[in-house]
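Here is the structure we will look at.
Computed from a prediction, not measured in an experiment: that's the story for all the values here. All values below come from the heavy atoms of this structure, side chains included, with hydrogens, waters and symmetry mates left out. The chain is numbered in sequence order, starting from 1.
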Amino acid sequence: MSTRRSAKIRGGAAAVTAAVLALTVAGCGGGGDDKPKAAQDPSAAPQGDAPKSQAPTGGSKPTPTVVLATANGEAGMTLTINKAARDAGGFLTVEGQLKNTGTAPYVNTAPWRGNELNSSGVSVAGVTLVDKAGKKRYYVLRDTDGRCLCTTGLAIIEPGQSVPFFAQFPAPPAATMEVEMSLPTFATATVKLSG
């Protein structure tokens, strides 16, 4: 390759590198003056508009405020249900929180998996729903590998600690407005359905 052609290629590469750097610097520029005032300062939102909530920082989710049901378990454990909604695919998704309100670490999580084989590990696969009016019991759904569609990986729950609760079931008929939910070691709770 001739020196002249080599210099031409190096010059072209330098021009491309300079263009990429210029675009990167322009994209990272701090000139936010062209934003509307409400976007610059959330407190500057017009009267009557609720400020938009910011995404939580630190990786923790905000505590849900709607409580559909609460069930007490042994040793200060509580289960709070915040959502029981039918999904478009014919499923019922139940979500909430398990909380240790006791003074000692809770280690008896194995019964929560019910008759589940170890494909899901320690989980809440033992939770069931009963539609009394329809005289039907619903079990947690499984994926193609036999793992439950529910909270897994539960071992020790420290005092004061909350862990998310999730379980997915086949959806009861639309006429069913409430079900009784049972999780081993907890009292039965009546849960109102939505959707």
Side-chain angles (χ1 to χ4, degrees), residues 55-56 58-195:
S60 63
K61 288 185 173 182
T63 304
T65 54
V66 175
V67 175
L68 300 177
T70 303
N72 293 322
E74 63 184 16
M77 288 301 300
T78 60
L79 171 60
T80 303
I81 302 301
N82 304 105
K83 175 185 174 186
R86 291 176 176 88
D87 298 331
F91 307 112
L92 176 72
T93 302
V94 179
E95 295 177 5
Q97 302 285 321
L98 286 160
K99 183 172 184 176
N100 183 352
T101 63
T103 57
Y106 187 80
V107 296
N108 191 29
T109 58
W112 297 348
R113 70 178 169 213
N115 295 327
E116 174 77 10
L117 300 175
N118 287 326
S119 59
S120 295
V122 181
S123 65
V124 295
V127 66
T128 60
L129 301 178
V130 173
D131 173 5
K132 282 184 149 183
K135 298 181 180 170
K136 221 171 187 184
R137 180 180 301 269
Y138 296 89
Y139 294 91
V140 175
L141 292 169
R142 304 294 196 267
D143 67 13
T144 55
D145 293 324
R147 292 183 299 254
C148 74
L149 298 180
C150 66
T151 301
T152 60
L154 299 170
I156 298 172
I157 302 175
E158 298 293 337
Q161 182 183 6
S162 290
V163 294
F165 173 90
F166 158 79
Q168 198 166 44
F169 303 87
T176 301
M177 299 310 294
E178 66 181 28
V179 292
E180 288 191 353
M181 188 179 79
S182 297
L183 178 65
T185 75
F186 285 86
T188 301
T190 301
V191 179
K192 293 197 181 301
L193 306 181
S194 64

Side chain Asp131, main chain Ala133, donor-acceptor under 3.5 Å
yes

Salt bridge (Lys or Arg N to Asp or Glu O under 4.0 Å) partners of Lys136, counting only residues at least two apart
none

Are Arg137 and Thr128 close enough, and set up right, to give a side chain to side chain contact (heavy atoms under 4.5 Å, CB included), and what steps lead you there?
CA-CA 7 Å; Arg137 180 180 301 269; Thr128 60; 3.3 Å; yes

Suppose the criterion is salt bridge (charged side-chain N to carboxylate O under 4.0 Å, His left out): which pairs have a residue in residues 158-183, not counting sequence neighbours?
Lys132-Glu180, Glu178-Lys192

Measuring from atom OG1 of Thr176 to atom CG of Leu129, what distance do you get when rounded to the nearest 0.5 angstrom?
11.0 Å

Check: Tyr106 side chain, Asn108 main-chain N or O, donor-acceptor pair, under 3.5 Å
yes

Test: salt bridge (charged side-chain N to carboxylate O under 4.0 Å, His left out). Region: residues 69-85. Which pairs qualify, not counting sequence neighbours?
Lys83-Glu95

Between the side chain of Arg147 and the main-chain N/O of Thr152, is any donor-acceptor distance below 3.5 Å?
no

Geometric class of the Trp112/Phe186 ring pair [parallel <30°, tilted 30-60°, perpendicular >60°]:
tilted

With no hydrogens and no angle check, is any side-chain donor or acceptor of Thr151 less than 3.5 Å from a backbone partner on Phe166?
yes

Quick one about Gln168 and Thr93 (side-chain donor to acceptor, distance below 3.5 Å, no hydrogens or angles considered), yes or no?
yes

We want to know whether Asn72 and Thr78 form a side-chain donor-acceptor pair, criterion being a heavy-atom distance below 3.5 angstrom.
no

Minimum heavy-atom separation for Tyr139 and Pro170, please, with both atom names.
O-CD, 3.5 Å

Only one of Thr80, Asn82, Val94 clears side chain to side chain contact (heavy atoms under 4.5 Å, CB included) with Phe165; which?
Val94

